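A short write-up of the structure that comes next.
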Amino acid sequence: MRLAATEYDRFAAVISSLTAEQWTAPTECPDWDVRQLACHVLGMAAYAASIREGRRQAAQAHSRGGVYIDALTCIQVQERADYTPERIVHEYGQTAPRAARGRRWTPPFIRARQLPHPQEIDGIDEWWTIGFVTEVILTRDVWMHRVDLCRATGQLMRLTPEHDGVLVEDVVTEWAARHGKPYTLHLTGRAGGTWSTGSAGETHELDAVEFCRTISGRGTGTGLLSTFVPF
């Protein structure tokens, strides 16, 4: 939850610094420019900030059918189609702290429940708990979209070992568990580090952010780097 609050703050800092031209820049998320991507992050923060709002968004997404997460994010963007950059920045500043508090105080019996719908990962349905989404996915989502925004606008992404390094290490741990094979991984940059298990496995060296982009599906990886990790 400390990481969640910090990531909300860092995303807020990025969108607060954008110029008018940068708000219309395309991103690596299909069909979203910077403004639309920020609307999604704002909408997801609202989803996490209020049980009532979360249920409302979920019901709307279910009613649309298709892939649930695609329907959910589409609703979040469409409902804010007329938002100006100033309104996005203002509402995000109001909503993000409430999202951090809402996630922190989600009761254990709620965290233990499974989502009502599976998530398809590499062609396999996975049944996630609400706790996994609350504690892990919602922070990774904001972090990766901060990467998207910085790449789209040419900003230098703020990275620190005590924040981004911890998030990256968690991703590496899940990646290693998903492929289950020996490896040596050296990630460079302020969020990087070195991890390994077993012997005679694949060896990879690349930037820490690029590693996360690759296994999130934003880049193309070979060998063990083709193992997908959800963000």
Side-chain angles (χ1 to χ4, degrees), residues 4 7-8 11-12 14-15 23-85 87-89 91-92 94-96 98-100 102-103 106 110-149 151-152 171 174 178 212-213 215-219 228-231:
E7 190 51 46
Y8 281 134
F11 190 88
V14 173
I15 61 175
W23 280 97
T24 61
T27 72
E28 293 175 320
C29 298
D31 302 323
W32 286 356
D33 62 14
V34 166
R35 191 195 65 81
Q36 291 166 317
L37 187 151
C39 284
H40 152 61
V41 176
L42 170 58
M44 194 63 84
Y47 175 96
S50 163
I51 293 177
R52 178 178 296 178
E53 172 62 12
R55 286 176 176 171
R56 185 195 70 80
Q57 290 190 28
Q60 293 259 349
H62 280 300
S63 70
R64 293 196 177 193
V67 179
Y68 172 78
I69 189 62
D70 291 344
L72 181 65
T73 57
C74 183
I75 288 167
Q76 292 165 348
V77 174
Q78 288 181 347
E79 290 184 341
R80 295 163 178 81
D82 62 346
Y83 277 29
T84 64
R87 183 175 180 181
I88 295 170
V89 171
E91 288 201 11
Y92 188 79
Q94 299 293 313
T95 306
R98 293 193 296 110
R103 290 167 59 187
T106 302
I110 296 293
R111 294 175 188 267
R113 292 180 183 174
Q114 284 187 338
L115 294 177
H117 43 79
Q119 303 297 311
E120 184 177 321
I121 305 297
D122 281 345
I124 299 173
D125 284 346
E126 296 185 356
W127 289 93
W128 294 355
T129 64
I130 292 175
F132 179 63
V133 174
T134 300
E135 297 165 14
V136 178
I137 294 298
L138 290 182
T139 301
R140 286 184 188 170
D141 181 64
V142 182
W143 186 85
M144 184 56 73
H145 286 318
R146 182 160 62 97
V147 173
D148 295 331
L149 290 192
R151 288 175 61 86
V171 171
E174 183 172 336
R178 285 180 176 274
C212 291
R213 287 188 64 256
I215 63 174
S216 75
R218 284 165 171 77
F228 182 81
V229 175
F231 278 80

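Values in this document were obtained by computation on a predicted structure and should not be read as measured data. Position 1 is the first residue of the sequence, and the numbers go up from there.
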(request) Assess whether ring-ring contact (aromatic ring centres under 6.0 Å, His included) is satisfied between Y68 and H62, documenting all intermediate values. (result) CA-CA 6 Å; Y68 172 78; H62 280 300; 4.8 Å; yes
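Side-chain atoms of T95 never come within 3.5 Å of backbone atoms of Y92 as a donor-acceptor pair (strictly under, hydrogens ignored). Side-chain atoms of Q57 come within 3.5 Å of backbone atoms of G43 as a donor-acceptor pair (strictly under, hydrogens ignored). Within the 3.5 Å criterion, the main-chain N or O of W32 finds a donor-acceptor partner in the side chain of T27.
Expressed to the nearest 0.5 Å, how far CE of M44 lies from CD1 of I137 amounts to 10.0 Å. In this structure, Q36 CD and Y83 OH are separated by 14.5 Å, a value rounded to the nearest 0.5 Å. For the atom pair OG of S50 and CZ of R55, the computed distance is 9.5 Å after rounding to the nearest 0.5 Å. If you take CG on D141 and CZ on F231, they are separated by 10.5 Å, rounding to the nearest 0.5 Å. Here CD1 of I75 is found 6.0 Å from OG of S63. Values are rounded to the nearest 0.5 Å. To the nearest 0.5 Å, atoms CH2 (W128) and CD (Q119) are separated by 4.5 Å.
Side-chain contact check for V229 versus R140: some heavy-atom pair is nearer than 4.5 Å. Counting only heavy atoms from C-beta outward, the side chains of D148 and L37 approach each other to under 4.5 Å. When side chains are defined from C-beta on, V147 counts as touching R213, because their heavy atoms get closer than 4.5 Å.
For I121, the CD1 atom counts as densely surrounded, since its 6.0 Å shell holds more than 12 non-hydrogen atoms of other residues, nucleotides or ligands. A 6.0 Å sphere centred on CG of D125 holds more than 12 heavy atoms belonging to other residues, nucleotides or ligands.
A cation-pi arrangement is not found for R146 relative to F11, the charged atom failing to lie both closer than 6.0 Å to the ring centre and inside a 45° cone about the ring normal.
R178 and E126 are joined by a salt bridge, as a carboxylate oxygen and a charged side-chain nitrogen come within less than 4.0 angstrom of each other.
When the side-chain contact (heavy atoms from CB on, under 4.5 Å) test is applied to T106, the partners found at least two apart in sequence or on another chain are I110, R111, T134.
The salt bridge (charged side-chain N to carboxylate O under 4.0 Å, His left out) analysis of residues 64-85, with sequence neighbours excluded, yields the pairs R56-E79.
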